[in-house]
Amino acid sequence: MKLYVGFLIILTIIFNVNCNECPTEREQPFHDEARLHQDLLCAYNVDFRPVKDHKTSVTVKVRFAMKYLSFDSLEETFTLHSWVALRWKDEFLTWTPSDYGNIKEIQIESHLIWTPSMSLFNADANTAMFQSDQFYTTCLLSSDGTVTCVPHLGHTGICSTSLRRWPYDTQNCTLYFGSWMHTGEQVNFTFYKNDPVVLTDFHDGPGWKLLKVVNERLSETYTCCPNSTYPMLKYRFVLKRAAAGPAAIVVVPSIVIVILTLTSFLLDVKDSTRLFLVCFSLFGHFIFLTEIGYDIPKHSSDTPIILLFLRDSMIVTLVGIIETLVLMDLRERKLPPPTWIISMNRLVSNSPGKYVVFTEFDPSNSAEEKVLTEDVTEERSRSSGSDWIQFANILNSVLFCIAFLIYFILICVYIPYD
Ligand SMILES: *[C@@H]1O[C@H](CO)[C@@H](O)[C@H](O)[C@H]1NC(C)=O
Ligand SMILES: *[C@@H]1O[C@H](CO)[C@@H](O)[C@H](O)[C@H]1NC(C)=O
Ligand SMILES: *[C@@H]1O[C@H](CO)[C@@H](O)[C@H](O)[C@H]1NC(C)=O
């Protein structure tokens, strides 16, 4: 019995210590702001739209203050960082300032009140699971119930690229925002009347320049529910690639390599310099194709035209190599040429065409030693050799003109320009 009483006494002491009230000097004065806060939230329900009549819509005004935009053309996604100002009216968060020491505005944590959930409809699937429709920030509340929240949000959307004019391409990227489940009659997203998009303090992402932002409000009705609208806020961003780098790496060298190929057509086939030059040019084409292959998206819907240019130029260069080999072979021929070659040579040398045929393959060089022998058969062989050489000259000139023409067309059609 004694033990039991003792136990009770100990229990009472512990209970008393635990339930000891806060020391009076620690107690905070219950000032107007705390009282207002308590009065506003004591019966507040976060889960429902803050309207007294359920038929009323909550109009949410949206303003994007854009801070940073980065575009990943390999993944075809782009990310916008912005301060999103959201403003709506909460019918349950109003008060009369004179009742609370003339407080007109207070700050309130967003998770304590109802907030609209603004979803990004074309979110990138990889990042969508990390992008919450809800935000957590401190909001400003006025006595008439106007709530203003400015969360710092990042949105990653999908943007299908069109690379035809790479690297001088511009891209259209669009973000669609709206409420996932509420109709426009419940939560009505609209723009701020003034400055729906603010670009002060905006920084371009690496490699891209923002040309303009177009905002538009879509209000759609679907056949399933003719009495409900589904408003969407659409932001279209027009981005331009900063092309100086890719142009220096690919476009300018492509033109250089074309000139190299063309120059090689003018060279003498006598020594192998010409062959080396054309082979080097072909090698250069492979390098550039690899270089562009790294840079362009793997699943782009269209092909950069510079790629087609390099492809066709590569074929012309290959033909150049074959032509050089054939010409080298023609030069070495000693057999008397067929009559049609001789008559064609006559025809060309007696017509204005002879001014077009260039004469790098002047046979005098190779003929010099043979002239010394002054042998009749050698003489005949020399003359038949010079017929072959003249034929090779004509062939080379014709092929040069054709290659020049082909390149002229290719450059006009396929080289992108700014
Ligand atoms: C972007 O979209 C606008 C309007 O839809 C269109 O006029 C423009 O040509 C597009 N630009 C590109 C680069 O796709
Ligand atoms: C939503 O707002 C738009 C303009 O901002 C207005 O035209 C429209 O009538 C509103 N819809 C509802 C259901 O209140
Ligand atoms: C739409 O509203 C009309 C008139 O108020 C009504 O007759 C009709 O049943 C409604 N339709 C739906 C799908 O709610």
Side-chain angles (χ1 to χ4, degrees), residues 247-248 250-289 291 306 308-334 337-338 340-371 382-415 417:
V250 177
V251 179
V252 177
S254 302
I255 293 176
V256 169
I257 209 122
V258 164
I259 294 173
L260 203 65
T261 304
L262 276 182
T263 313
S264 74
F265 278 76
L266 296 174
L267 286 184
D268 199 338
V269 289
K270 203 164 54 195
D271 48 27
S272 34
T273 320
R274 170 160 169 176
L275 197 60
F276 281 142
L277 198 61
V278 197
C279 286
F280 176 74
S281 177
L282 188 66
F283 179 68
H285 283 85
F286 283 119
I287 299 271
F288 289 137
L289 282 177
E291 175 66 37
I306 181 91
L308 303 179
F309 174 79
L310 281 174
R311 178 199 67 187
D312 295 352
S313 169
M314 195 160 78
I315 294 171
V316 174
T317 310
L318 183 68
V319 170
I321 290 181
I322 296 169
E323 187 218 338
T324 306
L325 293 175
V326 169
L327 290 183
M328 284 168 108
D329 177 57
L330 285 183
R331 265 187 69 86
E332 296 305 316
R333 290 214 180 177
K334 295 282 182 280
W340 64 269
I341 287 188
I342 296 172
S343 52
M344 195 176 81
N345 286 348
R346 296 266 152 71
L347 191 72
V348 171
S349 54
N350 292 335
S351 74
K354 69 181 168 198
Y355 301 113
V356 182
V357 176
F358 31 85
T359 52
E360 288 79 19
F361 306 156
D362 190 351
S364 58
N365 273 352
S366 58
E368 259 171 26
E369 312 109 45
K370 290 168 188 169
V371 167
R382 190 180 67 84
S383 82
S384 64
S386 96
D387 266 330
W388 280 116
I389 289 169
Q390 200 185 356
F391 175 64
N393 259 347
I394 294 170
L395 197 63
N396 190 46
S397 306
V398 169
L399 285 175
F400 173 80
C401 292
I402 293 176
F404 188 83
L405 199 68
I406 290 178
Y407 271 130
F408 183 74
I409 295 170
L410 284 183
I411 287 179
C412 289
V413 174
Y414 280 153
I415 284 282
Y417 51 86

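Note that these values count all heavy atoms, side chains included, but never hydrogens, waters or copies made by symmetry. Residue numbers start at 1 and run along the sequence shown.
- Remark: P253 engages F288 in a side-chain contact (heavy atoms from CB on, under 4.5 Å) (not counting sequence neighbours).
- Annotation: the span from S397 atom OG to I402 atom CD1 amounts to 11.0 Å, rounded to 0.5 Å.
- Proximity of a side-chain donor or acceptor of S313 to a complementary backbone N or O of F309 within less than 3.5 Å is not detected.
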Inset, instruction - Start with the C-alpha distance between W388 and K334, add both sets of side-chain angles, then the distance that settles side-chain contact (heavy atoms from CB on, under 4.5 Å), and finish with yes or no. - result: CA-CA 8 Å; W388 280 116; K334 295 282 182 280; over 6 Å; no

Inset, instruction - Show your working on side-chain contact (heavy atoms from CB on, under 4.5 Å) between D329 and R333 and close with a plain yes or no. - result: CA-CA 7 Å; D329 177 57; R333 290 214 180 177; 3.2 Å; yes

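- In this structure, D312 has no salt bridge (Lys or Arg N to Asp or Glu O under 4.0 Å) partners at least two apart in sequence or on a different chain.
- In this structure, the side chains of V348 and Q390 stay at 4.5 Å or more apart for every pair of heavy atoms.
- In terms of the side-chain contact (heavy atoms from CB on, under 4.5 Å) criterion, E332 has no residue partners (sequence neighbours excluded).
- Side-chain contact, R274 with N396: a donor N or O sits under 3.5 Å from an acceptor N or O.
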Residues 258-267, side-chain donor-acceptor partners within the protein, below 3.5 Å, at least two apart:
unit_1	atom_1	unit_2	atom_2	d
T261	OG1	I257	O	3.0
T261	OG1	S281	OG	2.5
T263	OG1	I259	O	2.5
S264	OG	T261	O	2.5

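- Annotation: side chain to side chain donor-acceptor pair (under 3.5 Å) contacts of Y414 (sequence neighbours excluded): none.
- In this structure, L347 CG and I342 CD1 are separated by 13.5 Å, a value rounded to the nearest 0.5 Å.
- Under the 30°/60° scheme for interplanar angles, the aromatic rings of F391 and W340 are found to stand perpendicular.
- Distance check: S349 OG to M344 CE gives 10.5 Å after rounding to the nearest 0.5 Å.
- Summarising the geometry of L282 relative to T317, their closest heavy-atom pair is N-CG2, 3.7 Å, with the distance given to 0.1 Å.
- To the nearest 0.5 Å, atom CG of residue L308 and atom CZ of residue R311 are 5.0 Å apart.
- Side chains of P338 and I341 form a contact here, defined as non-hydrogen atoms less than 4.5 Å apart.
- Between F404 and F408, the ring planes are parallel. Angles under 30° get that label, and only those over 60° would be called perpendicular.
- Counting only distance, with no hydrogens or angles, the side chain of D387 and the backbone of P337 share no donor-acceptor pair below 3.5 Å.
- For the atom pair CG of L310 and CZ of F286, the computed distance is 11.0 Å after rounding to the nearest 0.5 Å.
- In terms of the side-chain contact (heavy atoms from CB on, under 4.5 Å) criterion, residue partners of V413 (sequence neighbours excluded) are, by chain and number, I409.
- Considering OG1 of T324 and CD1 of I321, their distance stands at 7.5 Å, rounded to 0.5 Å.
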